[in-house]
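Okay, so here's the structure we're looking at.
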Amino acid sequence: MDFVFTPASLVNIIFITIGIGIVGLCMLQILASVHIRKAVRVYFIIFFSTILLYITAHLAREIMNGLPGQGVRVGLYIVTFVEMLFAGAMSELLCLLILTVAKQGKSINGPSLGLHILLLIHIVLLIVSWPLSLIYYFDADNLYVRGPAYMVSNIFPLLTLIFDAYLLVRYRKNIARSVLIAFWIYIVAPVIAIAIQSFTNGVQLIIFATIICSFIMYSVVIYRQTSVYEKQKMDSSRIETELTMASSIQSDMLPTIYPAFPERSEFDIYAGMHPAKEVGGDFYNFFLVDNDHLCMMIADVSGKGVPAALFMMASMIIFANNAMVGKSPAQILTDSNKMICASNREGMFVTVWIGILDIKTGKMIASNAGHEFPVVCGPDGKFEYVKDKHGLVIGGFDTATYEDYTIDLKPGSKLYVYTDGVTEATRGDDELYGFDRLKEALNKNSSLSPKEMCDQISIDINNFVAGAEQFDDITMLALEYKG
């Protein structure tokens, strides 16, 4: 027979062609957008690919329907099967999207498994009914005819629609209003289209309704994604600016101008800090208490980032204020500990080493609150650890007391103090830099100035970790006593 397109077929082909164009534009936008979350991007690529296959199969059936030939007949059966298969897949994908949005990060493995099983049953029914012509068949003129069990093909889509409606009612408070409306449109509009098309003599409004509703849903979700992205971008920019300012403020609190005391020939001092994040919890400080005494301190606050930096700045001021009135290192630690414990609701603590050098004699009084052992080099150029007695960390107990001890520095002696970020620098195989490597590196560079020595230790640490991520602040202070 000579096939002639009916008005309904022409309308369907136009609808489907427009739909393919809309889906294609959506796919291009998805692929071109850089701010869509990966999970959302992948979902909509799969979703629109499914729609594309569904409507393309339907378009092929509309074009081939009624054309003569056995090859056409086989093709009609195949594209119709594909159309019904992907109609079910579309229904499942919508359920998965609603579940993902409604659950807000919670597991959806249970419901997903149930949906997969139902889809598998849907596919099996389509396969079983094919040779029996229960759901659909093509007559002698290759015209599409619904089978006696046609409604079986609609069971899975119908069940998913009911499940979607249940989810939207149950989780309506978890879903943004605009997204909720878009979901309801997607559910209700195709039902209305099916009801209307029963009076339109073959016009497949369901196809066009599905495409338009998919586009609306996609547009709403992507709009929200874009809004969230822009907000996050603004928040990130604000946080970055604030962290930069915090880092600058923290840096300004530490001595950073060298030579630190160009008018003093009796000693040379240098210190530096390399925070693991934008701001750090380590700190160092040195200053002249009077014309004959140099106070040095190095500390490591528990934790990292902004909280540690805030605690660090407050602690640094407290230590400095206690030191400037002429107290011994042990008394500085004792009094500072009481002040910090009095307002330490977060339970943070700080390890501290403090030394006060008598510039005239080279005698240094020091005290240690849970900090690393200092390393001292005599005029012979050999560094050794000073196994001093550790007191409790600052911020632990307000009744803690500390003890002074003495280090005698001769002309040519050097002192190196550091935080645990130095010895605990870790390379890719989880091996630590360690105390032995530090001592070996110090002895190799014992003839250098304090700045050169600190720079070489930093280089040695960087070579050791070989690009591995820095997990802790790295801080060091070096002093050369010239007498």
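Numbering starts at 1 and runs along the sequence shown. What you see is a predicted model, and the numbers here were worked out from it, not measured in a lab.
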All heavy atoms of Val393 vs all of Gly370, minimum pair found to be CG1-CA, 4.4 Å
Glu83 side chain to Thr80 side chain, donor-acceptor N/O pair below 3.5 angstrom: no
When rounded to the nearest 0.5 Å, the distance separating SG of Cys26 from CD1 of Ile45 is 12.0 Å
When rounded to the nearest 0.5 Å, the distance separating OH of Tyr385 from OH of Tyr416 is 8.5 Å
Between Thr419 and Asp282, does any side-chain donor sit less than 3.5 Å from a side-chain acceptor? yes
How about Phe397: does its CZ atom have over 12 heavy atoms from other parts shown lying under 6.0 Å from it? no
Given side chains that start at C-beta, do those of Tyr171 and Ile98 come closer than 4.5 Å, heavy atoms only? no
Check whether any side-chain heavy atom of Met296 sits under 4.5 Å from a side-chain heavy atom of Ile354, and report yes or no. no
Do the non-hydrogen side-chain atoms of Tyr144 and Arg61 ever get within less than 4.5 Å of each other? yes
Can you tell me if OH on Tyr166 sees more than 12 non-hydrogen neighbours from other groups inside 6.0 Å? no
Quick one: are Ser214 and Phe48 in side-chain contact, heavy atoms under 4.5 Å? yes
Donor-acceptor pair, Asp472 side chain versus Ala425 backbone, under 3.5 Å? no
Taking the side chain as everything from C-beta on, heavy atoms only, tell me whether Met217 gets closer than 4.5 Å to Leu94. yes
Any donor-acceptor pair under 3.5 Å linking the side chain of Asn443 with the backbone of Lys439? yes
Proximity of Tyr136 and Tyr150 rings by center, below 6.0 Å: no
Hey, is OH on Tyr137 packed in by over 12 heavy atoms from elsewhere, all under 6.0 Å? no
Expected output: side-chain Gln470 to main-chain His274 donor-acceptor under 3.5 Å: yes
More than 12 foreign heavy atoms under 6.0 Å from CG of Asp139: is that the case here? yes
Would you mind writing out the side-chain donor-acceptor pairs for residues 305-321 within the sub-3.5 Å range, not counting sequence neighbours?
| from | atom 1 | to | atom 2 | distance (Å) |
| --- | --- | --- | --- | --- |
| Ser315 | OG | Phe311 | O | 2.8 |
| Asn321 | ND2 | Ile317 | O | 3.3 |

Measure up the Tyr77 and Phe138 rings against each other and bin them: parallel (under 30°), tilted (30 to 60°), perpendicular (over 60°). perpendicular
Between the main-chain N or O of Ala87 and the side-chain N or O of Ser91, is there a donor-acceptor pair closer than 3.5 Å? yes
Show the nearest heavy-atom pair for residues Ala299 and Val350, with the distance to one decimal. CB-CG2, 3.7 Å
Would you mind reporting whether Ile55 and Val23 have side-chain heavy atoms less than 4.5 Å apart? yes
Strictly distance-based, threshold 3.5 Å: is any side-chain N or O of Thr426 a donor or acceptor partner for the main-chain N or O of Glu424? yes
So do the side chains of Thr423 and Phe373 get within less than 4.5 Å of each other, counting heavy atoms only? no
Heavy atoms of Gly428 and Ala468 approach each other most closely as N-CB, 4.0 Å
Over all atoms of both residues, closest heavy-atom pair of Ser133 and Pro148: O-CD, 3.6 Å
Do Tyr418 and Thr475 have side chains that get closer than 4.5 Å, going by heavy atoms? no
Of all heavy-atom pairs between Asn142 and Leu76, which one has the smallest distance, and what is that distance? O-CD1, 3.5 Å
State, without any angle test, whether Tyr433 and Asp460 hold a side-chain donor-acceptor pair at a distance under 3.5 Å. yes
Return the minimal non-hydrogen interatomic distance between Tyr258 and Ala271, and the atom names on each side. OH-O, 2.9 Å
Taking Ser129 for its side chain and Leu134 for its backbone only, find out whether a donor-acceptor pair lies under 3.5 Å. no
Less than 4.0 angstrom from a charged side-chain N to a carboxylate O is my criterion; do Arg437 and Glu431 meet it? yes
N/O donor-acceptor pairs under 3.5 Å from side chains in residues 110-128, not counting sequence neighbours:
| from | atom 1 | to | atom 2 | distance (Å) |
| --- | --- | --- | --- | --- |
| Ser112 | OG | Ile108 | O | 2.6 |
| His116 | ND1 | Glu92 | OE2 | 2.4 |
| His116 | ND1 | Ser112 | O | 3.4 |
| His122 | NE2 | Met84 | O | 3.2 |

